[in-house]
Amino acid sequence: MQLHSRLSSQQLLRCRCVGGVRVGVPSRRRGFSARRIEGISSSSRASVSTPAVGASNHGSETGRSSVRCNVVSQAHEAAVVDDVSSKLVFDGAEVIQLYRYPGLSPSTAVTLLHKVQHKVTDAITSIDGELCYNIGLAAPLDAAEADKMAWLLRETFEPQQLTASSIFDSSEPNQAVIEVGPRTNFSTAFSTNATSICTFVGLDKVTRLEPSRRYLLTSTRPLTGEEKAAFAAMVHDRMTEEVYAGPLPTFKVAAVPAPVFQVAVMEKGRAALEAINEEMGLAFDDWDLDYYTKLFQDMGRDPTNVELFDIAQSNSEHSRHWFFKGDLVIDGDKKPHNLMQIVTEPLNARPSNNSVVAFKDNSSAIRGFEVKPMLPLNPGGPSALGPQKRDWDLLLTAETHNFPCAVAPYPGAETGAGGRMRDTHATGTGSIMGAGTAGYCVGNLLLDGQTLPHEDPNFVYPDNLAPPTQILIDA
């Protein structure tokens with residue numbers, strides 16, 4: 001590797017590292033690195049980054065592609081750190097933005113660029129990314145709190161990567177910045193965990209912390225509004241995320257929560273539940289209406305609309321699978337058995353066969369056999385493994401995530417896999433995970449140039465569901 005640079009103790013210099021892979025650099029990027037080379041001098045640090053995708057290779061003496069190398073002086077690094085702390089102290093905004101680069105790995109950027117050039121426009125020549133931390137504060141931080149907040153967000157070995165302002169410049173006519181992040185009307189799991197950590201270390205003023213993703217698109221011409229919208233649709237989940245038109249000024253939303261009110265079950269009985277069932281679409285059947293009427297009458301109080309809505313979600317197809325007990329009608333012909341009866345038929349035919357757990361607990365199990373797995377010889381502490389005799393049964397569970405995967409394929413499949421693992425581990429006194437499979441049944445794929453004879457190109461899927469191709473790729 002050859003290093004061409006002039007080191008300065010006061011400013012950031014750029015240099016080229018020949019022999020690596022260079023995939024592009026935004027025109028006004030500041031010098032913040034993705035990887036570091038130590039030992040350049042006692043007062044300066046050099047680092048190698050492989051940032052944006054698509055830029056050409058200029059000036060490589062060997063004719064090979066190259067890596068853009070950023071040299072960061074200690075004085076400059078200290079100035080960047082001070083800028084971050086100062087912004088946290090003196091900004092005074094309800095939501096403060098801090099930025100960290102890079103937001104995309106080179107391989108992810110390459111893959112995304114290929115997809116965008118194929119699906120949106122080939123005018124886009126490079127893509128780069130950075131993260132933005134949106135920090136909600138109940139009150140301004142003091143200097144000590146600001147230093148602690150910045151310390152939490154910095155990358156350990158490259159603190160200069162966290163900056164008070166974005167390194168992307170969208171003023172260039174052929175560059176555009178697209179930012180997407182969580183919807184402001186609810187906190188994400190990331191924010192919940194982050195604010196818990198902040199509270200634990202004494203940062204009680206932090207009320208919310210949400211990361212958003214910023215993309216710098218460089219193109220051969222200015223992008224149209226439709227092209228920007230098409231790109232944004234590719235990189236965010238429309239169910240849980242939204243496009244940010246600019247820095248978030250607040251996490252507050254204009255929506256007003258619906259009022260909580262009581263349903264007069266004590267006075268009107270089942271009729272009150274029937275009315276609210278129709279009004280709110282709770283999908284209570286006759287059994288539900290009778291059961292919950294008696295339940296609240298026995299409790300001696302009226303339910304609220306919030307309680308009934310929560311009960312309806314607990315009894316939804318996703319949670320309870322009432323659909324399995326519905327009438328099964330195929331081509332207008334009502335079948336004699338519903339899905340649940342079909343599923344339980346083998347067990348009913350041979351109830352004393354080898355079933356250990358069936359249609360109860362979190363999973364089902366059949367009779368196993370004696371095995372000798374490698375287990376800790378001293379459970380509960382450091383221990384060697386050794387073969388130990390055990391009598392284990394075989395467990396199998398199925399997790400359906402139809403609606404979640406249809407609306408948000410990747411998060412839906414992610415939580416589905418987690419639920420399947422949880423269910424197996426939580427059966428009986430516990431279990432050991434062996435293997436897992438996943439299968440997806442979707443409609444017309446309509447792949448480019450690969451339309452199959454049985455596919456209907458005129459069939460239109462609902463706008464609130466992901467297309468079948470996206471489900472198979474993301475999930």
Side-chain angles (χ1 to χ4, degrees), residues 26 52-53 95 97-105 107-121 123-124 126-136 166-168 170 175-194 208-219 223-255 401 403-416 461-475:
V53 176
V95 178
Q97 282 76 31
L98 296 179
Y99 302 86
R100 197 164 88 179
Y101 180 84
L104 289 176
S105 68
S107 60
T108 301
V110 169
T111 301
L112 180 58
L113 178 63
H114 291 168
K115 290 174 61 177
V116 168
Q117 289 177 334
H118 180 64
K119 297 291 185 180
V120 180
T121 175
I124 298 175
S126 73
I127 299 175
D128 202 1
E130 69 177 356
L131 294 178
C132 175
Y133 293 106
N134 300 277
I135 308 166
S166 171
I167 67 171
F168 291 164
S170 59
Q175 289 188 328
V177 175
I178 308 295
E179 183 174 2
V180 296
R183 290 187 177 275
T184 56
N185 58 343
F186 68 91
S187 297
T188 63
F190 178 95
S191 179
T192 301
N193 291 332
R208 191 168 169 186
L209 202 166
E210 300 286 7
S212 56
R213 305 182 302 280
R214 292 167 54 84
Y215 299 88
L216 178 68
L217 307 181
T218 303
S219 53
L223 298 178
T224 66
E226 291 77 10
E227 289 168 339
K228 294 177 183 178
F231 174 83
M234 291 182 62
V235 295
H236 83 287
D237 171 21
R238 56 188 172 177
M239 182 177 182
T240 60
E241 297 179 317
E242 61 183 327
V243 179
Y244 294 173
L248 287 181
T250 179
F251 285 117
K252 296 177 182 178
V253 294
H401 253 229
F403 185 72
C405 286
V407 175
Y410 185 89
E414 187 178 31
T415 55
Y461 286 90
D463 291 338
N464 62 333
L465 301 182
T469 306
Q470 183 185 351
I471 294 174
L472 292 184
I473 294 174
D474 293 352

| With Arg238, which of His236, Glu241, Glu242 fulfils side chain to side chain contact (heavy atoms under 4.5 Å, CB included)? | His236

To the nearest 0.5 Å, what is the distance between [atom1] on [X] and [atom2] on [Y]?
X      : Y      : atom1 : atom2 : answer
Gln97  : Arg214 : CD    : CZ    : 9.0 Å
Asn193 : Ser187 : CG    : OG    : 11.5 Å
Gln175 : Leu223 : CD    : CG    : 10.5 Å
Cys405 : Leu465 : SG    : CG    : 11.5 Å
Tyr99  : Ser166 : OH    : OG    : 6.0 Å
Thr469 : Asp474 : OG1   : CG    : 10.5 Å

| said: Please evaluate residues Phe190 and Leu209 with respect to the criterion side-chain contact (heavy atoms from CB on, under 4.5 Å), reporting the C-alpha separation (whole Å), side-chain torsions for both, the decisive distance (0.1 Å), and the verdict. | reply: CA-CA 8 Å; Phe190 178 95; Leu209 202 166; 3.8 Å; yes

| field | Tyr410 atom OH: more than 12 heavy-atom contacts under 6.0 Å | value | no

| task | Look at the aromatic rings of Phe168 and Tyr101 and report parallel, tilted or perpendicular, splitting at 30° and 60°. | result |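 Aromatic pair Phe168/Tyr101 classed perpendicular.
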
For a quick test of reading the model, state the closest non-hydrogen atom pair linking [X] to [Y] and the distance between them.
X      : Y      : answer
Arg208 : Thr184 : NH1-O, 2.8 Å
Leu217 : Ile127 : CD2-CG1, 3.9 Å
Val243 : Val180 : CG2-CG1, 4.1 Å
Ser212 : Tyr244 : CB-CE1, 3.6 Å

For a 4.5 angstrom cut-off between non-hydrogen side-chain atoms, does [X] reach [Y]?
X      : Y      : answer
Glu179 : Arg213 : no
Glu130 : Pro102 : no
Tyr215 : Val235 : yes

Any side-chain donor-acceptor pair under 3.5 Å between [X] and [Y]?
X      : Y      : result
Thr108 : Thr111 : no
Arg183 : Thr240 : no
Asn134 : Glu210 : no

| message | Any carboxylate oxygen within less than 4.0 angstrom of a Lys/Arg side-chain nitrogen, looking at Lys228 and Glu226? | response | no

| Thr188 vs Ser191, side chain to side chain donor-acceptor pair (under 3.5 Å): CA-CA, chis, key distance, verdict | CA-CA 5 Å; Thr188 63; Ser191 179; 5.0 Å; no

